[in-house]
Number of protein chains: 2
Amino acid sequence: MGSPSTATRISERHRRAAAATGRYDRRLAEILDHATEVFCEKGYEGASMRDLSRASGMSLAGLYYYFESKERLLFLIQKHTFSTIVQRLKARLEDVADPEQKVRIFILNHLEYFLANRQAMKVLTHEAEVLKNGFATELAAIKREYYRICVKLLDELKEKRGLEFPTRIAVLSLFGMMNWIYTWHNPRVDGDPEPLAREMGDIFLRGVMSGKARR
Amino acid sequence: MGSPSTATRISERHRRAAAATGRYDRRLAEILDHATEVFCEKGYEGASMRDLSRASGMSLAGLYYYFESKERLLFLIQKHTFSTIVQRLKARLEDVADPEQKVRIFILNHLEYFLANRQAMKVLTHEAEVLKNGFATELAAIKREYYRICVKLLDELKEKRGLEFPTRIAVLSLFGMMNWIYTWHNPRVDGDPEPLAREMGDIFLRGVMSGKARR
DNA sequence: AGGTAATTCGAACGTTCGTTCGAATCTCAG
DNA sequence: CTGAGATTCGAACGAACGTTCGAATTACCT
């Protein structure tokens, strides 16, 4: 009963093919995709389990085989989305040494993922406060890690260029610039992430770098 | 029946004192205040009419004497909040001529009002997509006016300083920086709006002004 | 003090909510 | 083909939802 994890199911002597993700995981991923779409359109509270049932083509009761509550469903969507963006960022930062370039990579990575997964990223940013207790703290940890990475990049920039600006305000302003995009970005008008990342990067980096240097 | 407007009530031969706001308007304002608090905390969809009843100390049915639906209640809150901020902005811009100073006034006005009315401003920004049809279009008009003012200020700055940057991206990035504040501002850590407005203004204006000038 | 309109309320309406449960169906190794 | 576990479903649960209505109460003018 309930929703078994991949691990338990595999260990339950149902080990199959090998590398290929099992049926359970594939179906769960499909449901998460459809749910993301519905949450994006109607909001978490505004979306009903019956909406999710309709969107995913599975019966209302059938959904509960894959997760134990609506809240956990939102958690799974947010965790997967946030984990992926952090993981991709880390991979892309490895090749770069210059602090300014690192910040530009940070912005590009964020905007690219945002525009390629608009719905999931809107659900992540717009429904950031609805999770409670355990769900909330686990997600807060990822959020904090992402925030700390950005702080580190900016402190690095300050150090190597001898700059002086309030890191906290700068980081949070940058997040605001980037996350707000879900309220206005129109693919037909605003186009690809690369030019957007360059323009936002220009505004932010010039703003932060053309200030007075340390004594 | 329903909720009479101030105008109709006064014309109904109940003309009183004069300038003083009547009982009806005062009570309505109280309800709006309490509702703002609840919407801020639980979100529009997450807040029930019974929550609003409890918060305002009025019976569930009694609320409907002042507005005909939960949606109209949100509309009243958002319209009043947005109208006020636009009106205050216009008044403060009248005294200023320098384009850079005008942009700084814009930022200061936004942040001051935001921090002095955090709950209402969160409801305005976070529940921006829930209103439908007539409510939505009327609010969109105010939003558009506010947006156009900011565009005009930046175009003025570009003109007088001979700058070159994408206005649309700059305006929307600025809005992002400012509006995102509802997700992170902590009065004990981040203090008063004036230094915040100066720091955000520094980042944004330097970013936009230190670019290459026109040919 | 009396009377009329403004204001408030208890109780209920029909609907939809998230979740549960036991039975039906499907999948696949033996 | 068979049996056992994995998966799906129809039907129902009690609770909570937004809204309505007629009666009760209050406030104010004459």
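Side-chain N/O atoms of Ser59(B) include none lying less than 4.0 angstrom from OP1 or OP2 on dT8(C). Look at Tyr66(B) and you'll find a side-chain N or O under 4.0 angstrom from OP1 or OP2 of dT8(C).
Listed by chain and number, the residues in a side-chain contact (heavy atoms from CB on, under 4.5 Å) with Val171(A) are Tyr147(A), Cys150(A), Val151(A), Leu154(A), Thr167(A), Phe175(A) (sequence neighbours excluded).
Gln78(A) places a side-chain N or O within 3.5 Å of a backbone atom of Glu127(A) that can act as its donor or acceptor partner. Distance alone, capped at 3.5 Å, places no donor-acceptor pair between the His110(A) side chain and the Met178(A) backbone.
In this structure, of dC9(C), dT8(C), dT19(D), it is dT8(C) that holds the atom nearest to the side chain of Arg27(B). You'll find that the side chain of Ser69(B) is closest to dT19(D), out of dT19(D), dG18(C), dC17(D). Side-chain atoms of Arg50(A) lie closest to dA12(D) of the nucleotides dA12(D), dT20(D), dA12(C). Set against dG18(C), dC9(D), dT7(D), the side chain of Arg23(A) has dT7(D) as its closest nucleotide. Residue Tyr24(A) places its side chain closer to dT7(D) than to any other of dC9(C), dA11(D), dT7(D). Residue Tyr65(B) places its side chain closer to dT7(C) than to any other of dG18(C), dT7(C), dA11(C).
Rounding to the nearest 0.5 Å places NZ of Lys122(B) at 10.0 Å from CZ of Phe114(B).
For Asp51(A) and Gly62(A), each mapped to the nucleotide of DNA chain C holding its nearest heavy atom, the one lying further toward the 5' end belongs to Asp51(A). Position along DNA chain C of the nearest nucleotide to Gly57(B) versus Leu60(B) favours Gly57(B) as the more 5'-ward residue.
The distance from atom OH of Tyr64(A) to atom C1' of dA23(C) is 20 Å, rounded to the nearest whole Å. Rounded to whole angstrom, the span from the NZ atom of Lys70(B) across to the P atom of dA16(D) amounts to 15 Å. Note: CZ (Phe67(A)) to C1' (dG18(C)) measures 11 Å, nearest angstrom. Residue Glu68(A) contributes atom CD, which lies 14 Å from atom P of dC21(C) at whole-angstrom precision.
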